[in-house]
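To start, the structure itself, in structure tokens.
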Amino acid sequence: MKLDSKIPDGPIAEKWDRHKFDLKLVNPANKRKYTVIVVGTGLAGASASASLAELGYNVKTFCIQDSPRRAHSIAAQGGINAAKNYQNDGDSVFRLFYDTVKGGDFRAREANVYRLAQISNNIIDQCVAQGVPFAREYGGLLANRSFGGAQVSRTFYARGQTGQQLLLGAYGALSRQVAAKKVTLFARRDMLELVLVDGKAKGIITRNLVTGDIEKHAGDAVILATGGYGNVFFLSTNAMACNVTAAMRAYKKGACFANPCFTQIHPTCIPVHGDYQSKLTLMSESLRNDGRVWVPKTIGDKRKPADIPDSERNYFLEEKYPSFGNLVPRDVASRNAKEQCDKGFGVGETGYAVYLDFKDAIARDGEDVIRKKYGNLFTMYEKITAEDPYKSPMMIYPASHYTMGGLWVDYNLMSTINGLFVLGEANFSDHGANRLGASALMQGLADGYFIIPYTLGAYLAKEKPGTVNTDHDAFTEASSDVVTTLDKLLSIKGKRTCDDIHRELGKILWDYCGMSRNEEGLEKAKTLVKNLKKEFWTNVTVPGTAAGMNQTLERAGRVAEFLDFSLMLLEDARTRRESCGGHFNDAFQTDENEALRDDEHFSHVAAWEYNGEDREPILHKEPLVFEHVTLSQRSYK
Amino acid sequence: MTKTINLTLKVWRQKNGNVKGRMETYEARGISTDMSFLEMIDVVNEGLILKGEDPIAFDHDCREGICGMCGAVVNGRPHGPEKGTTLCQLHMRHFDDGDEVVVEPWRSRAFKVIKDLVVDRSAFDSIIQAGGYISVNTGGAQDANAIPVPQNVAEKAMDAAECIGCGACVAACPNASAMLFVSAKVSQLALLPQGRPEAAGRVKAMVSKMDDMGFGHCGNERECEAECPKNISIVNIARMNREFIKASLK
Ligand SMILES: Cc1cc2nc3c(=O)[nH]c(=O)nc-3n(C[C@H](O)[C@H](O)[C@H](O)COP(=O)(O)OP(=O)(O)OC[C@H]3O[C@@H](n4cnc5c(N)ncnc54)[C@H](O)[C@@H]3O)c2cc1C
Ligand code: FES
């Protein structure tokens, strides 16, 4: 297989415009002859569905939740970036591009990132036109804040609920197309298989989560906008239903999976506090604008935080990174918190937490100002922990949060399967080895509103519409495969629950492939996961039947895919013998314990091709070429 | 302080929408007070699964109080006893050792039970489809700062926009009215200049759809506001009524 990224020629600032001009168009009268399947209704899927329907295509849209409005995107808190430079503080398309490539530790494609930065401005315009209630200044213009490792204020936000408001905007646009009968909505559906006809994506098989029916859907192209795989760690900030199933089905049908080991561990989450815990809660990164991160200077200092004087506190991020301080990128902040806790300086019951303190900000700005900025986050923190962060510092610890890896796509967002497009967190495209805060929402909406409407058209322009329907043998075969798997899961009747096994899997990955990794640990983890996979397929128990609603069966199917996926993730981590961004291999670090890249050997995208059950996948490399940024050791000192 | 408590749960069990349901009793033992309500049900369900029994079906996803997916009536109150809190954010420290806890699904003509605590809220989607948006196609929007919105107006719009569409307002209302939900969307869009051109048509279409879907009328009981996990104010209902009258006079 040869990976062709299809990056257009020409100067970087003109590539996208030229490409849009070169792309073939579908005649307006013909658009209605095409059916497009969109799986996912997060920012990427909802915006794509609405925009494609507006153009005239027939769209069939699927999601797991009972309503498209509940996709995981709803939970995003902090904000969305755009290069508007409304603050006159030196921002520009080029700076956003540069920051994103650098923040990603030089493991993303320049052309894609540049396009993302260009489109960022249109996104804000579009969302405001939809009625998204972004925060405003007294004069009525849009407010911005600086966010996660950026030295300019380019983040737009709607209180602490930016994802919610953006998603509701996209859901509104989607709903309008449902009313116009251009989108048919299929909620409470789980995509369990991708259907290929003559090597092209032509449909999907879903399970109706209410009736249990196995359904066949045909279309002229398939778009996956199914989100990230952060739940592979079991405990993560992701919503409970986030999964890797759709991506794995595509992978097993020939779509390459890129950079699975690029996972992001977010520094500011509420620490784990018990075995029963089902998920972790993010405390938005925006808190680091005003909160100061510290641990006591003495190991085992059990005094209340308020009783520890400044001189006995180690504000370790400010100390180590004087120019960025508490605002260093996520990977850097997370690793430093872990380092402090591993050395024994951690606080809280488990010793795996650091303080995030607002004392100085409250003294400086007053409690009201802080309440206005972060009120909902403080309330959420108090609800969960029963501690009042206005009075004593929050305790935080890193948690799995976002996944930069995903299905490999070319510049047109098409995977290595013809007619299969991948958008949003589900693809690998723009964030390299580490994503900057407020950039995922931007990317999801860029993909859905402004890229796919062009690039999908160019693909369809060369396809005859409606060539396949669900009577085709490929659909019969795919749906019987799905039934076989479900029956198998139900028939094992072992002694362990799927959550129990998932929890064990998560622990293996967290311990050996979390914030830091090494050769020996990764090898060990592979063996452990292989054994756990065997354990799953011989000893899991799923009560009930495949008819009607069966939530345990849904989860078991997801855990099965996570197990297979983990092996690829571990292999990717093992073969990337360097450190970069979220992938930190102990053997490769600078004297100051920063990630040490090996640009000579690893300046590439690692794209994995499925090679059969229980066989090592095949590695393909897409070289990354940097012409507009100079590769440098990231330094936030 | 963390401690553990034991509870007796009375939970509504119903295999699907076509059969009758009934209350079943379960013991929840050794529940840490740091758990969320849903984690407590997880623990009970793990026990049921190991016994080969059907676990209690319930909707949930974000577990952060934002997706609006979770919800059940706990001891007679939608989302349980804590004000301004979704079920997933309700923690067991609000319960005492030995408590009996009754858990039922949302009850409303417009929300049919699918299984156990899971109900069908697609009527909410239908109402939004009737007009809960601003009709702009992708592309061609003017610069975002070309439409200034006074800060206080933007804040009010945001207050309304915080609705998570969980359906607690309907479950709380003696008439199973969806007024709070509908008025939150109508208000958000009516307050903003971008939403004005369609304001009249929107309110009429959404209210009429609400009636079609089998929701009841507002009896000014204010139960919705009291139980809303996002503290959406009934000021929105008043605003919607004004919008409706204005629209009807047109
Ligand atoms: C707590 C939290 C806070 C965040 N805050 C920010 C922030 O402030 N700024 C920022 O830029 N980013 C933030 N992020 C990241 C960002 O929210 C996500 O990356 C982004 O929303 C992903 O959008 P998406 O459309 O790709 O996928 P999602 O929103 O995850 O949507 C996935 C969709 O696919 C559907 N789906 C999945 N699998 C299947 C299947 N098998 N069958 C059918 N349907 C399926 C789901 O039902 C859902 O509709 C945050 C993330 C978290 C966890
Ligand atoms: S699970 Fe999302 S609001 Fe409760």
Side-chain angles (χ1 to χ4, degrees), chain A residues 50-51 54 65-67 69-70 72 74-75 84 86 124-126 128-131 133 135-142 158-159 161 164-165 168 171-173 175-176 178-179 187 210 239-241 273-274 276-279 281 380 383-384 386 449-450 453 497 499 541 543-544 548-549 551-552, chain B residues 16 32 34-35 38-39 42-43 46 49-50 52-55 57 59-69 85 89 91 93 114-115 118 120-122 124-125 128-130 132-138 141-145 147-151 154 157-158 161-162 165 188-189 192 194-195:
Chain A
S51 306
E54 286 162 9
Q65 294 78 5
D66 69 329
S67 163
R69 65 179 290 154
R70 305 200 206 283
H72 164 62
I74 199 98
K84 283 283 194 187
Y86 282 158
I124 302 303
D125 299 342
Q126 181 65 30
V128 166
Q130 288 172 346
R136 301 215 168 231
E137 305 291 354
Y138 284 116
L141 299 185
L142 291 157
R159 294 198 186 142
Q161 293 114 288
Q164 177 196 28
Q165 295 310 316
L168 293 182
Y171 161 74
S175 299
R176 176 168 163 247
V178 175
V210 175
M240 302 299 284
H273 51 76
Y276 50 80
Q277 193 143 359
S278 59
K279 75 158 289 186
T281 304
M380 183 148 77
K383 272 194 184 135
I384 295 172
Y449 282 136
F450 295 107
T497 66
D499 280 10
T541 181
M549 180 172 270
Q551 295 177 323
T552 320
Chain B
N16 58 52
S32 158
D34 280 343
M35 280 184 197
L38 299 186
E39 284 169 343
D42 289 342
V43 170
E46 288 286 285
I49 294 171
L50 288 175
E53 289 176 30
D54 197 19
D59 265 333
H60 63 108
D61 199 20
C62 73
R63 299 201 173 194
E64 289 190 6
I66 191 74
C67 73
M69 187 112 177
T85 306
Q89 291 285 285
H91 283 74
R93 60 183 83 94
I114 292 174
K115 182 176 180 183
V118 178
D120 177 0
R121 287 170 291 199
S122 55
F124 271 11
D125 287 323
I128 298 294
Q129 286 154 17
Y133 42 76
I134 290 172
S135 302
V136 285
N137 283 355
T138 302
Q142 59 186 330
D143 184 81
N145 258 350
I147 332 167
V149 181
Q151 196 189 51
M158 182 64 205
E162 291 204 20
Q188 176 202 341
L189 300 179
L192 295 169
Q194 305 92 296

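Scope of the values below: all heavy atoms of this structure, side chains included, with no hydrogens, waters or symmetry mates. All chains are named by letter (A, B, ...) in the order of the sequence lines, taking the proteins before the strands, and each is independently numbered beginning at 1.
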message: Side chains of A/S67 and B/R121, heavy atoms from C-beta outward: is any pair under 4.5 Å?
response: no
- prompt: About how many Å separate CE of A/M380 and CD of B/E64, when rounded to the nearest 0.5 Å?
  reply: 5.0 Å
- prompt: Looking at side-chain heavy atoms only, is the closest gap between B/R63 and A/S278 below 4.5 Å?
  reply: yes
query: Quick one: what part of B/S32 sits under 4.5 Å from any heavy atom of chain A, side chain, backbone, both or neither?
result: side chain
message: Within the 4.5 Å heavy-atom criterion, are B/M69 and A/D66 side-chain neighbours or not?
response: yes
- prompt: So what's closer than 4.5 Å to chain B heavy atoms on A/A187: side chain, backbone, both or neither?
  reply: neither
query: Please walk me through it: do A/Y86 and B/D143 pass side chain to side chain contact (heavy atoms under 4.5 Å, CB included)?
result: CA-CA 11 Å; A/Y86 282 158; B/D143 184 81; 2.7 Å; yes
query: Got A/R70 and B/D61 here, is their nearest side-chain heavy-atom distance under 4.5 Å?
result: no
field: Side chain, backbone, both or neither of A/T552 within contact of chain B (heavy atoms, under 4.5 Å)
entry: side chain
query: side chain to side chain contact (heavy atoms under 4.5 Å, CB included) with A/A129: which residues, sequence neighbours excluded?
result: B/V136, B/A141
- line: Looking only at B/I114, B/N137, B/I49, the option with the highest number of non-hydrogen pairs under 4.5 Å against chain A is B/N137
task: Using side-chain hydrogen bond (donor to acceptor under 3.5 Å, both in side chains) as the criterion, point out the one residue from A/R159, A/Q164, A/Q165 that pairs with B/E162.
output: A/R159
- prompt: When rounded to the nearest 0.5 angstrom, what is the spacing between CG in B/D125 and CZ in A/R69?
  reply: 7.5 Å
statement: If one checks every heavy atom of A/Q126 against chain B at 4.5 Å, the contacting part turns out to be both
task: Determine yes or no for a side-chain-to-main-chain donor-acceptor pair under 3.5 angstrom, with B/Q129 supplying the side chain and A/S175 the backbone.
output: no
statement: Most heavy-atom pairs under 4.5 Å with chain B, out of A/G139, A/G274, A/A239, belong to A/A239
field: B/P55 vs A/Q551 side-chain heavy atoms within contact, under 4.5 Å
entry: no
message: Using a 3.5 Å distance criterion without hydrogens, assess whether the side chain of B/K115 forms a donor-acceptor pair with backbone atoms of A/M549.
response: yes
task: Considering only heavy atoms and a distance below 4.5 Å, find which of B/Q194, B/H60, B/R93, B/Q142 pairs most often with chain A.
output: B/R93
task: For chain A, find which of B/L38, B/D120, B/V118 contributes the most heavy-atom pairs closer than 4.5 angstrom.
output: B/V118
task: Using a cut-off of under 4.5 Å on heavy-atom pairs, state which of A/D125, A/T497, A/I74 scores highest against chain B.
output: A/D125
- prompt: Based on non-hydrogen pairs under 4.5 Å, which of A/Q161, A/H72, A/Q277 is most in contact with chain B?
  reply: A/Q161
Contact winner vs chain A - B/A57, B/A130, B/G65, heavy-atom pairs under 4.5 Å: B/A57
message: Less than 4.5 Å apart, side chain to side chain, heavy atoms only: is that true for A/I384 and B/H91?
response: yes
B/D42 vs A/D499 side-chain heavy atoms within contact, under 4.5 Å: no
message: Looking at chain A, which one of B/I147, B/D54, B/L192, B/I128 has the largest number of heavy-atom pairs inside 4.5 Å, strictly under?
response: B/I128
message: Under a 3.5 Å distance rule, please check whether B/Q188 uses its side chain to pair with a backbone N or O of A/P133 as donor and acceptor.
response: no
message: Once salt bridge (charged side-chain N to carboxylate O under 4.0 Å, His left out) is applied, do any residues pair with B/E39, and if so which ones, sequence neighbours excluded?
response: none
Spatial distance of atom CG (B/N145) from atom CG (A/L142) [nearest 0.5 Å]: 4.5 Å
message: How long is the straight-line distance from NE2 of A/H273 back to CE of B/M35, given to the nearest 0.5 Å?
response: 10.0 Å
